[in-house]
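To start, the structure itself, in structure tokens.
We count residues from 1, following the sequence as given.
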Amino acid sequence: MYGWIRVSDLISPSPGRRAWQRFKRNRLGYFSLVVFCVLVLLSLAAELVSNDRPLVLRYQGQLYLPLLHDYSEKTFGGDFDTTTDYLDPFIQAQLAKDGNWVLYAPNRYGPKTLNYFAKFPNPSGPSRDNWLGTDDRGRDLLAQLLYGFRVSVLFALALTLVSVVVGVVTGALQGYLGGKTDLVFQRFIEIWSSMPYLYMLIIFSAIFTPSISLLLVLLSLFGWMGLSDYTRAEFLRNRQMDYVRSARALGVSDMQIIWRHILPNSLTPVVSFLPFQMSASILTLTSLDFLGLGVPPGTPSLGELLSQGKNNIDAWWISLSTFVVLVVTLLLLTFMGDALRDALDPRKAQA
């Protein structure tokens, strides 16, 4: 008997699909990718998970959206025109009357919410109200970790993107042009990498108002050099290949050779390096926040929480929870990087 043969069985998968299949076979790396994506999605939806405002409420027959709009206390029977504090026992009693209903986030505290009605002095340990406790200012620790994780990941993604673009462009020019261009770039990189960027951050933080954008620009000035070296080495190797010589003989322009022929075959080490670059970016931001040179005051920060843990040794829940978040994040990125490196390894692709 003759069986059916699928057309897909006769067509070999593309290199990208084969690399993805090899990546999925690495259970630890694939599981780390899934967990990391879930954590990032939760942090992006942090306002729906941890917020001191109700998501939606019904009061006296009318619907309100406190998550999107500010309402004064007079709207809910208060005496002042100030923005409603939904943790106030009076407001909670008003909203609990018959005919009213409120939908809260699972954690009823935001990143800047001060628990004025806490039963214990700050920093207080884990309790029914504050699941992971509070910091030395009375802010909910779970909200701080959730929003601080989002700031760290988004900052690391932005810094990695800028570093990749600058590093690939400079490395491609060095490797493809070679000669004096490569020599001048290499001497510049040696001089630039020897500059103490920590002192520069201290100087700029004293001159300019601290901001995430300023920090991103300053760190981007130094974060591209490692990727530039990888790209340069790949271009130096690939520019001598037969397909590049054939393209030159056919009159293809240098830009097309770089973009269409050499660059796609030179991105393997760059892509493999991305998770490790993100890990380094998160550690850099955390270290600067720990020293007080990072994000502006009031911004949720893992480094600031570590600093609070150092200053409040008895409040073990601050250091422990922050340490767990950092270790888990860095481990997930490391496992992803190892799996990605193995999936793109040409020696294993031939196995």
Reported [atom1]-to-[atom2] distance for the pair [X] and [Y], which is rounded to 0.5 angstrom:
X      : Y      : atom1 : atom2 : result
Arg27  : Arg25  : CZ    : CZ    : 9.5 Å
Asn312 : Trp317 : CG    : CH2   : 8.5 Å
Phe23  : Arg341 : CZ    : CZ    : 12.5 Å
Thr284 : Leu159 : OG1   : CG    : 7.5 Å

> Does the ring centre of Phe222 sit less than 6.0 Å away from the ring centre of Trp192?
Replying inline: yes
Pairing residues for [X] by the side chain to side chain contact (heavy atoms under 4.5 Å, CB included) criterion, not counting sequence neighbours:
X      : value
Arg187 : Leu183, Glu190
Asn107 : Ser50, Tyr109, Trp131, Asp140, Leu142, Ala143
Lys24  : Trp20, Tyr30
Thr160 : Val164, Leu274, Gln277, Met278, Ser281

Anything under 3.5 Å between a donor and an acceptor, one on a side chain of residues 60-67, the other on a protein residue two or more places apart or in another chain? List them.
residue: Gln62; atom: OE1; partner: Tyr64; partner atom: OH; Å: 3.3

[X] atom [atom1], over 12 foreign heavy atoms within 6.0 Å:
X      : atom1 : value
Tyr230 : OH    : no
Phe120 : CZ    : no
Phe31  : CZ    : no

Could you list the residues that satisfy salt bridge (Lys or Arg N to Asp or Glu O under 4.0 Å) with [X], not counting sequence neighbours?
X      : answer
Arg150 : Glu47
Arg245 : none
Asp242 : none
Asp98  : none

>> According to a hydrophobic-cluster definition based on side-chain heavy atoms being under 4.5 Å apart (Ile, Leu, Val, Met, Phe, Trp, Tyr only), do Leu44 and Leu161 belong together?
In response: no
> With sequence neighbours excluded, what pairs up with Thr286 under the side-chain hydrogen bond (donor to acceptor under 3.5 Å, both in side chains) test?
Replying inline: none
>> Can you list everything that forms a side-chain hydrogen bond (donor to acceptor under 3.5 Å, both in side chains) with Ser152? Sequence neighbours excluded, please.
In response: none
> When the ring planes of Phe188 and Trp224 are compared, do they come out parallel, tilted or perpendicular, using 30° and 60° as the limits?
Replying inline: parallel
> Between the side chains of Ser228 and Gln174, is a donor N or O closer than 3.5 angstrom to an acceptor N or O?
Replying inline: yes
> Hey, which of Asp129, Asn130, Thr134 is the one that makes side-chain hydrogen bond (donor to acceptor under 3.5 Å, both in side chains) with Ser124?
Replying inline: Thr134
> Between Asp81 and Lys74, does at least one N-O distance fall below 4.0 Å, as a salt bridge requires?
Replying inline: yes
>> Is there a side chain to side chain donor-acceptor pair (under 3.5 Å) between Ser301 and Thr299? Walk through the geometry before answering.
In response: CA-CA 6 Å; Ser301 166; Thr299 305; over 6 Å; no
Which side-chain N or O atoms in residues 253-261 pair as donor and acceptor under 3.5 Å with protein atoms at least two apart or in another chain?
residue: Ser253; atom: OG; partner: Gln256; partner atom: N; Å: 3.4
residue: Asp254; atom: OD1; partner: Tyr176; partner atom: OH; Å: 2.8

>> If you compare all heavy atoms of Asp289 against all heavy atoms of Val295, which two are closest, and at what distance to 0.1 Å?
In response: OD1-N, 2.8 Å
